[in-house]
Engineer: 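Below is one structure. I have some questions about it.
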Protein chains: 2
Amino acid sequence: MATEMSIQAAFQEVMAASGEIPPKQQQVLTASLALFAEQGFANTTTKQIAERAGVAEGTVYRRYKTKDELLAAVLAPFTTEVLPKLVKEFAAKVVRQKYTTRHALITAVITDRLAFLQDNSQVMRVLVTELLVRTDLREQFLARAVPMVQANLYPILDQLKAVQELPDWPNDRIAQFMIGTMVSQFIRSSFTAEPVATVGPLMIQFLEQGLAPEPTA
Amino acid sequence: MATEMSIQAAFQEVMAASGEIPPKQQQVLTASLALFAEQGFANTTTKQIAERAGVAEGTVYRRYKTKDELLAAVLAPFTTEVLPKLVKEFAAKVVRQKYTTRHALITAVITDRLAFLQDNSQVMRVLVTELLVRTDLREQFLARAVPMVQANLYPILDQLKAVQELPDWPNDRIAQFMIGTMVSQFIRSSFTAEPVATVGPLMIQFLEQGLAPEPTA
DNA sequence: CAATGGTGAGTGGATACTCACTCATTTCTA
DNA sequence: TAGAAATGAGTGAGTATCCACTCACCATTG
């Protein structure tokens, strides 16, 4: 599957960061992620994880002492490494290329970031489902993600508002429309396995029109 | 809570339809729904259900023989009674009032149907979370919901396309944009408990602009 | 040998589900 | 109509199973 590469890449970061992670532990993480994505966290047993990882059940518990720690270990790299990089790289790119139209901004978001999300569809899937149910995880995630988006995306939005490229709506609403459109597409294509390329143009046009500024009265 | 009335209403329908459902069984259903919505299906024990319903654990199993049957019983009225009515009433209303602009259509969808969804937020919540994880349930639901939407919404869209009130995009895409925008708002406000009234106008404007037809070249 | 990774049988607790019984209401019968 | 019988919702202690987690032991490497 196309997903495995970037998932591996995400884990690679953790491996590099926190010393060596032995191969079997990596298999445990990979298997956990896959099973959590397929069945959900609560419906996955540690025995299943061991089997899919080709490992004894005790091995599952060698490094991570509880099943919850395993979930955290699977999600952590995404929220602490991948997501920040995602947002910041994007902001940097936008600033560097001096996008002054929402068309350029939206195109960048859709083609670049949506593809990225779809590459990481497994983690995204687990994250979305668990955020819906686990209050603690949701708060923790929002506490990290929201300020990050605010700090990096909002200035850009303000800038575009100033030049009449965006309507004078609250930033959180604009962000919600963009994110909502992306996530709904993401979820849909995570079931139909359709590539972004086919839908991209339509989403761009829809967002571009939807976020057009109201005629100045 | 504002939700309880319409939830009760949904159960009322089933009660009326399939003979008498004794009061304690109704308490079991209500408790199940509430707990499933709060914690998710897999994280809810039958003991918890019994306690919240003020009932012995055996009572939980009198009518519904398994926990899965209980989930089905909680979701069934929504997909078989409420959702069809939701869609058909909407379609009927639209046709009756002869909406010929997308503004009227979108306004109707947002103010009317979104409020309805938020009234049924508990069932929606359970449905959404379980659809993400349970393949069988998802297929079953889509097999019912998709044709219903196609039969009732698509003709209206075609009609509006004909009079240049909608762009010539595939119907499923237009539907996705509308549904995605609504659901993302629904999920957000199911956490922040903000009323629809405040966001409605913005969503309407966003969708109306986003779904404006491209200038005929 | 020390240290670290790996093993898998075993354990305690939780949980979905059962069943023999009670009790109230309804239906049958003399 | 009084009493007997049947019905079925409700009960809660009990059971079989499952599952997260442990631990005493083994293997490999430096």
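Letters A, B, ... are given to chains in the order of the sequence lines, protein chains preceding strands, and every chain is numbered from 1. This one's a predicted model, so the numbers in the text were calculated from it and none came from an experiment.
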Engineer: Give one of base, sugar-phosphate or nothing for B/V55, where a contact means two heavy atoms less than 4.0 Å apart.
Structural biologist: sugar-phosphate
Engineer: What integer distance in Å separates A/Y64:OH from D/dA20:P?
Structural biologist: 18 Å
Engineer: Rounded off to whole Å, could you give me the CD-to-P distance for the A/E51 and D/dC18 pair?
Structural biologist: 13 Å
Engineer: What string of B, S and - do you get for nucleotides 16-22 of chain C, 5' to 3', if B is base contact, S is sugar-phosphate-only contact and - is no contact with any protein heavy atom under 4.0 Å?
Structural biologist: BBB----
Engineer: Give a yes/no answer on whether the side chain of B/Q48 brings an N or O atom under 4.0 Å of OP1 or OP2 in C/dT15.
Structural biologist: no
Engineer: Could you tell me how far apart B/L70 (CG) and C/dT15 (P) are, to the nearest whole angstrom?
Structural biologist: 16 Å
Engineer: Would you mind reading off the distance between A/K24 atom NZ and C/dT4 atom P, rounded to a whole angstrom?
Structural biologist: 19 Å
Engineer: Whole-Å distance between D/dT7 P and B/R63 CZ?
Structural biologist: 18 Å
Engineer: Using salt bridge (Lys or Arg N to Asp or Glu O under 4.0 Å) as the criterion, list what pairs up with A/R188, not counting sequence neighbours.
Structural biologist: B/D172
Engineer: One pair to check against side-chain contact (heavy atoms from CB on, under 4.5 Å): A/F191 and B/L131. What are the steps and the verdict?
Structural biologist: CA-CA 11 Å; A/F191 294 140; B/L131 285 183; over 6 Å; no
Engineer: Donor-acceptor pairs under 3.5 angstrom involving side-chain atoms of residues 50-57 of chain A: please list them, not counting sequence neighbours.
Structural biologist:
residue: A/R52; atom: NH1; partner: A/E38; partner atom: OE2; Å: 2.9
residue: A/R52; atom: NH2; partner: A/E38; partner atom: OE1; Å: 3.2
residue: A/E57; atom: OE2; partner: A/T46; partner atom: OG1; Å: 2.9

Engineer: Do A/R134 and A/F141 form a cation-pi contact, if we require the NZ or CZ to be under 6.0 Å from the six-membered ring centre and within 45 degrees of the ring's axis?
Structural biologist: no
Engineer: Atom CG of B/N43 and atom C1' of D/dA20: how far apart are they, to the nearest Å?
Structural biologist: 14 Å
Engineer: When the distance from CD1 of B/I49 to P of D/dG10 is rounded to whole Å, what number comes out?
Structural biologist: 15 Å
Engineer: Would you confirm whether B/S189, through its side chain, and B/T192, through its main-chain N or O, come within 3.5 Å as a donor-acceptor pair?
Structural biologist: no
Engineer: Parallel under 30°, tilted from 30 to 60°, perpendicular over 60°: which one fits the rings of B/F177 and A/F206?
Structural biologist: parallel
